[in-house]
Amino acid sequence: MNFVKRAGTSLRARKSKAAALLAVFVVLCTLLLGGFLLQGATARQEAEVQRRVGVDVTVRGEGLTRHLVDRLGGSERVHRYNPVLSLRAGARGFAPLRSEGGGSDGAGAGDGEQPAVALNGVRDFGLLLPFSYGSARITAGRGVAPGDADRDVVVVEERLAAKNGLAPGDTLRLASADGERTVSATVVGVFRDPAPEPARWTPSYELPGNLLYVPVRTAERLGAGASDVREAVFRIGAPEQAEGLHSAAERLLGGGDFDFRVNDKAYRDQVRPVQRVGAFAELIVWLVAVAGALILGLVVLSQTRERREELGVLLSMGERKWKLVGQLVVEVAAVAVPAVFLAVLIGRVAGGPAGDALLPRAADEPAAHPGTAPAPVDPPQLRAGAVDVGRVAGIALGISLVATVVPGVGILRLHPRSILATDT
């Protein structure tokens with residue numbers, strides 16, 4: 001009889017032991033699949049953390065212009081970037097806040113008095129430190145976004161907005177420090193700065209309520225030609241990429257003296273728990289593979305010893321030894337294949353709860369508009385793909401092969417007479 005058909009006949013005749021072997025395989029395949037799913041989920045979560053949280057690099061130095069920042073921000077390792085251009089401007093058609101007490105600071109510009117408001121030219125509101133860490137927040141509308149680069153928009157503090165009745169959609173006129181240029185900007189957002197008004201008299205452009213945010217190009221037009229940025233923040237994917245960005249900054253700035261600071265605390269706080277889960281998942285895969293091979297090897301060895309008489313009869317009938325080993329391999333493999341599919345079904349049912357329990361919560365998703373409150377994000381789901389199922393099937397078949405071939409070596413060393421004589 002063909003040894004494959006004989007393997008099927010043997011499985012039908014030994015249903016209880018085949019069921020026990022199937023149960024062992026289901027447990028092993030489920031643990032293997034769980035390990036692979038955890039590895040895949042942690043890899044996706046780590047990539048998502050790199051995209052959302054990343055590492056912020058702050059560059060300060062002489063000669064840092066918007067054009068240089070744009071060139072550095074165009075690097076493939078930079079996900080987002082934000083130059084900050086600070087200057088003073090005059091107010092046209094609205095009243096800036098004034099400090100209590102004496103002092104002179106006019107609301108106009110070009111009449112010998114100091115400019116009335118402070119401007120920060122920015123590109124990406126979401127990279128401003130006060131808004132990233134929540135000390136300041138948007139209360140109406142939105143912040144300045146990269147898409148506003150060629151638009152004249154402005155974000156105002158809520159105390160200035162309350163005094164002048166400003167809301168998103170209104171228009172604000174700003175003047176350059178020398179009074180020669182004016183810009184009409186549309187209010188797109190109102191923010192709250194927690195800094196209190198100073199108790200002593202302070203020039204109006206130093207009052208926290210008189211700080212306005214505009215796009216960098218708008219600030220450049222009001223800056224009388226001054227285009228040096230105060231600082232630039234670049235968000236990269238991982239701390240390891242900071243060295244490459246530093247080299248690029250040195251080339252662009254001509255090797256001059258500049259300050260290069262890496263802030264990776266938020267990144268490490270988010271990535272380290274994810275990496276620990278990934279390492280745990282890898283350990284599971286190795287332990288299950290090794291333990292599975294040992295356990296199944298012992299089970300098959302025990303069953304082989306119980307079937308010595310059967311093997312002796314087959315050998316005495318002229319059956320080749322390699323076919324006997326092949327029969328054992330087919331029997332175990334025939335049990336391993338349905339075990340893989342049962343493990344996939346179990347993974348689909350238990351994947352959601354297991355992911356919630358084992359995976360750390362990811363960093364919050366950025367809000368739809370920079371500066372607004374972020375929305376929470378659930379951990380990625382454990383979902384079995386074709387690659388994961390293929391890997392589990394490959395390891396399961398490999399375990400079945402090792403678990404049967406190793407005990408089968410003893411069969412190759414025996415002779416029919418010795419087997420039958422021992423049994424009698």
Side-chain angles (χ1 to χ4, degrees), residues 47-87 119-133 136 138 142-151 153-155 188-189 191 213-221 223 226-268 270-271 363-372 374:
E48 192 67 7
V49 169
Q50 289 186 358
R51 183 185 67 84
R52 287 199 309 265
V53 180
V55 174
D56 288 343
V57 176
T58 302
V59 179
R60 298 184 182 93
E62 296 293 332
L64 189 62
T65 66
R66 176 178 62 84
H67 299 289
L68 291 177
V69 172
D70 288 342
R71 289 177 60 186
L72 195 57
S75 170
E76 61 181 9
R77 61 177 60 89
V78 176
H79 298 169
R80 299 165 63 183
Y81 68 98
N82 182 56
V84 179
L85 174 61
S86 299
L87 67 151
L119 293 183
N120 271 350
V122 298
R123 179 181 183 271
D124 191 339
F125 223 68
L127 294 182
L128 291 171
L129 189 62
F131 295 91
S132 298
Y133 288 88
I138 292 287
R142 62 177 180 85
V144 177
D148 296 320
D150 297 320
R151 300 176 57 199
V153 298
V154 62
V155 181
V188 294
F191 72 95
Y213 290 94
V214 297
V216 176
R217 293 180 183 177
T218 301
E220 286 179 338
R221 293 208 306 274
S227 58
D228 285 0
V229 302
R230 185 184 74 202
E231 66 179 25
V233 177
F234 301 89
R235 178 158 295 174
I236 56 180
E240 295 76 17
Q241 300 175 352
E243 184 176 352
L245 186 65
H246 185 273
S247 300
E250 282 186 328
R251 290 193 300 270
L252 285 176
L253 297 176
D257 185 22
F258 63 94
D259 185 29
F260 188 91
R261 297 186 180 181
V262 179
N263 180 10
D264 61 352
K265 183 179 184 302
Y267 174 86
R268 295 190 182 279
Q270 294 292 339
V271 168
D364 289 343
E365 178 73 19
H369 299 295
T372 58

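Just so you know, these numbers come straight off a predicted model, no measurement behind them. In this chain, residues are counted from 1 in sequence order.
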ask   = What are the two closest non-hydrogen atoms of P215 and R151, and how far apart are they?
value =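 Looking at all heavy atoms of both residues, the shortest contact is CG-O, 3.4 Å.
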key: Pairs satisfying salt bridge (Lys or Arg N to Asp or Glu O under 4.0 Å), at least one member in residues 231-245, at least two apart   =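 Passing the test, one end in residues 231-245: D56-R235, R60-E231.
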message = With a 3.5 Å distance limit and no angle check, can you tell me whether R123 reaches the backbone of A149 through a side-chain donor-acceptor pair?
response =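 No; zero donor-acceptor contacts below 3.5 Å.
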inquiry  = Please find the pair of heavy atoms, one from H79 and one from G237, that lie closest to each other, and give the distance.
reply    =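 Closest pair (atom of H79, atom of G237, distance): CE1-CA, 3.5 Å.
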task = Would you give the length of the straight line joining atom CG of L127 to atom CZ of R80, rounded to the nearest 0.5 angstrom?
result =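 If we round to the nearest 0.5 Å, L127:CG and R80:CZ are 4.5 Å apart.
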message = If you compare all heavy atoms of V262 against all heavy atoms of A242, which two are closest, and at what distance to 0.1 Å?
response =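 Scanning both residues, the minimum pair turns out to be CG2-CB, 3.8 Å.
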Value rounded to 0.5 Å, distance of CG in L252 from CG in L245 =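 One finds 9.5 Å between CG of L252 and CG of L245.
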query = Is there a side chain to side chain contact (heavy atoms under 4.5 Å, CB included) between N120 and R230 once you walk through the steps?
reply = CA-CA 10 Å; N120 271 350; R230 185 184 74 202; 3.9 Å; yes
query = If you look only at pairs with a residue in residues 229-251, which of them pass as a ring-ring contact (aromatic ring centres under 6.0 Å, His included), with sequence neighbours excluded?
reply =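 Listed once each, the pairs are H246-F258, H246-F260.
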inquiry  = Under the criterion side chain to side chain contact (heavy atoms under 4.5 Å, CB included), I'd like the reasoning laid out for V229 against V84: C-alpha separation, chi angles, the key distance, then a yes or no.
reply    = CA-CA 6 Å; V229 302; V84 179; 5.9 Å; no
message = Please evaluate residues R77 and V57 with respect to the criterion side chain to side chain contact (heavy atoms under 4.5 Å, CB included), reporting the C-alpha separation (whole Å), side-chain torsions for both, the decisive distance (0.1 Å), and the verdict.
response = CA-CA 12 Å; R77 61 177 60 89; V57 176; over 6 Å; no
request  = Return the minimal non-hydrogen interatomic distance between G121 and A219, and the atom names on each side.
outcome  =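 Nearest heavy atoms, G121 then A219: CA-CB, 3.8 Å.
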request  = For the residue pair V144 and V214, establish whether any side-chain heavy-atom pair is separated by less than 4.5 Å.
outcome  =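 When only atoms from C-beta onward are counted, V214 and V144 do not touch, as no gap falls below 4.5 Å.
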Contact summary for V55 and A238, nearest pair of heavy atoms =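 Distance-wise, the nearest heavy atoms are CG2-C, 3.8 Å.
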Considering all heavy atoms, the nearest V216-P83 contact =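 Looks like CG2-CG, 3.8 Å.
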task = Evaluate the side-chain proximity of F125 to V155: yes if any heavy-atom separation is below 4.5 Å, no if none is.
result =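 Sidechains of F125 and V155: in contact.
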message = Distance check, rounded to the nearest 0.5 Å: R71 atom CZ versus L68 atom CG?
response =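 Going from the CZ atom of R71 to the CG atom of L68 covers 6.5 Å.
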query = Just how far is it from atom CG of L85 to atom OG1 of T218, taken to the nearest 0.5 Å?
reply =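 If we round to the nearest 0.5 Å, L85:CG and T218:OG1 are 10.5 Å apart.
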